[in-house]
Amino acid sequence: MTAPSLTLNPSGKLAIVGIGPGSLAWMSPEVQTILQTATDWVGYQTYLDLVEPLRAATTQRHVSDNRVELERARAALDLAAIGRTVALISSGDPGIYAMAAAVFEVLEREASPVWAAVTIQVCPGISAMQAAAALVGAPLGHDFCAISLSDILKPWTAIAARIEAAARADFVIAFYNPVSKQRTWQLEQAQAILRQWRSPQTPVVLARNLGRTGQTVTVKTLGELVSTDADMRTVVLVGSSQTRIVQQSHDRQWVYTPRFYPS
Ligand code: SAH
């Protein structure tokens, strides 16, 4: 990343944008305009590549590693502080396991006076769970929650306690970061916890590479779920006790969670 000069400029802007799961059709017009008019893009290479068709020839790319979120947030704020119009790019929604929280974390922790004049804007995007839900019907139609299975930033005991609480409360659960090359057992552990509270017939949706090349959406049951069904590009939706699979025709089924409980 380029080191910004120290000449501050109060016209600097930082838009923290969510590009949706991948395709342009699922990106808001607001985000498309911001990407087309920004002087600088900051983000993880994969996301910058996804939106490359929107980049003006003069827009500078600042690629960073996916794991150095706070550093990336700091760099984006520094660029805006010298008067640049910066788009900090997240996949899905920037407020869901993504860059918006990282920006406010460095803003609070470091409180650099050079950032005071930066105009910050958070621009929402379609999150992976919403895209997955839309493709199969309405599994998030009633109360639901999202849980990240990544225990890099928090201990597994905290995650396990949250899964159990969500299972007991009968929430539909969207699992983000279910499996990675280093984290191979968390999804099956989550399944084991859920199985204490939910039937093996509970519908599970596995949505991979949403809005991108190689998109797949599979419906299974909780009993059938195995770790190899998912990877870092998969979001997993586990139904509540009320979630149902409905057959529209012999080759078309939908998953939904009714809004009303039977009386
Ligand atoms: N801000 C993103 C989430 C980032 S956390 C959002 O709102 O969607 C990264 C996790 O999100 C991945 O491990 C995966 O679980 C999910 N995810 C992000 N993009 C996805 C996509 N295109 N298809 C399937 N899952 C995706």
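One-based numbering along the sequence shown. Numbering of ligands and ligand atoms starts at 1, following listing order. It should be emphasised that the depicted structure is a prediction, and the values quoted were computed from it without experimental measurement.
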S.K.: Between Arg208 and Asp229, is there a salt bridge with N-O shorter than 4.0 Å?
M.R.: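 Salt bridge between Asp229 and Arg208, a charged N being under 4.0 Å from a carboxylate O: no.
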S.K.: Do you see a donor-acceptor pair shorter than 3.5 Å between the side chains of Gln248 and Trp254?
M.R.: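 Note: Gln248 and Trp254 side chains meet the donor-acceptor criterion.
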S.K.: Are there over 12 heavy-atom neighbours, none belonging to Arg162, within less than 6.0 Å of that residue's CZ?
M.R.: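 Open: at most 12 neighbouring heavy atoms sit under 6.0 Å from CZ of Arg162.
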S.K.: At the 4.0 Å heavy-atom cut-off, does Gly211 count as touching ligand 1?
M.R.: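 So Gly211 does not count as touching ligand 1.
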S.K.: For atom 19 (N) of ligand 1, what is the nearest protein heavy atom, given as residue, atom name and distance?
M.R.: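 That would be Arg212 NH2, 3.6 Å.
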S.K.: Verify whether one side chain among Gln121 and Glu30 offers a donor that lies under 3.5 Å from an acceptor in the other.
M.R.: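 Short answer, yes.
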S.K.: Just need the protein heavy atom nearest to atom 10 (C) of ligand 1, so name the residue and atom and give the distance.
M.R.: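 Here the nearest protein heavy atom works out to Asn177 OD1, 3.5 Å.
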S.K.: Provide the number and element of each atom of ligand 1 under 4.0 Å from a heavy atom of Leu210.
M.R.: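 Answer, ordered by atom number: 21 (C), 22 (N), 23 (N), 24 (C).
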S.K.: Got the closest protein heavy atom to atom 11 (O) of ligand 1, with its distance?
M.R.: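 Its nearest protein heavy-atom neighbour is Tyr176 CD2, 3.2 Å.
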S.K.: Show which atoms of ligand 1 fall inside a sub-4.0 Å distance from at least one heavy-atom site of Arg233.
M.R.: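 By the 4.0 Å cutoff, the relevant atoms are 23 (N), 24 (C), 25 (N).
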S.K.: Should Ser91 be listed as contacting ligand 1, given a heavy-atom distance under 4.0 Å as the test?
M.R.: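 Flag set, Ser91 near ligand 1.
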S.K.: Checking a contact table here: which protein heavy atom is nearest atom 12 (C) of ligand 1, and how many Å away?
M.R.: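 The closest heavy atom on the protein side is Met232 O, 2.9 Å.
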S.K.: Under 4.0 Å from ligand 1, counting heavy atoms only, is it the side chain of Ala207, its backbone, both or neither?
M.R.: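 The answer is the backbone of Ala207.
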S.K.: Does Ser127 approach ligand 1 within less than 4.0 angstrom via side chain, backbone, both or neither, non-hydrogen atoms only?
M.R.: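 Within the 4.0 Å criterion, Ser127 contacts ligand 1 through backbone and side-chain atoms alike.
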S.K.: Does a side-chain N-to-carboxylate-O contact under 4.0 Å join Arg61 and Asp49?
M.R.: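 Here Arg61 pairs with Asp49 in a salt bridge, since their nearest N and O are under 4.0 Å apart.
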